[in-house]
Amino acid sequence: MINNTLAVGVQGVQDGMYGMENAARKIAHAGTDGPQGSAETGSSLLEPIVDLKLYARSVEASAQVVKTADETLGSLLDIMV
C-alpha cells in the first residue's frame, strides 16, 4: 500500500513537471505569435500562466504525498526493528 502511494506521488510530480514545461513553452512562444502589444497576446498568456500555477500546486501536493509515504515507511521500519 505504501509503495503504491509513493508511486502515485512520484507520478503526480512527473505529470506536474511535464505540464509546467508545456505551460512555460506556451508562455515563451506567446510573444512570437502576433504583433507586440496586441490584445491577443495578453489573452493568449492568461491560460498558460494559470496552468503554470495550477501545475506548480499539483507538484507541491504530490511532493507532500511522497514525503508522507516516506515518513510512514520510515515509521514502519522503525517499528519492525
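These numbers come from a predicted model, not from an experiment. Numbering starts at 1 and runs along the sequence shown.
Counting heavy atoms from C-beta outward, Arg25 and Asn22 have side chains that approach closer than 4.5 Å.
Val10 and Val65 sit in two unconnected hydrophobic clusters of ILVMFWY residues. Membership requires side-chain heavy atoms under 4.5 Å apart, directly or through other members. Placement of Ile49 and Tyr18 in two distinct hydrophobic clusters is found when ILVMFWY residues are connected by side-chain heavy-atom separations under 4.5 Å, directly or transitively.
For the side-chain contact (heavy atoms from CB on, under 4.5 Å) test with Val66, the passing option among Thr5, Leu6, Val8 is Leu6; the others fail.
Environment of CE in Met20: crowded, with over 12 heavy atoms of neighbouring residues, nucleotides or ligands closer than 6.0 Å.
Taking every heavy atom of both residues into account, Ser58 and Gly12 meet most closely at OG-O, 4.4 Å. Across all non-hydrogen atoms, the minimal contact from Ile27 to Pro48 is CG1-CB, 3.7 Å. For the residue pair Gly9 and Ser62, the shortest heavy atom distance occurs at O-CB, 3.4 Å.
Here the CG-CZ distance, from Leu52 to Arg57, works out to 13.0 Å after rounding to the nearest 0.5 Å.
Under a 3.5 Å cut-off, the side chain of Ser75 and the backbone N or O of Glu71 do form a donor-acceptor pair.
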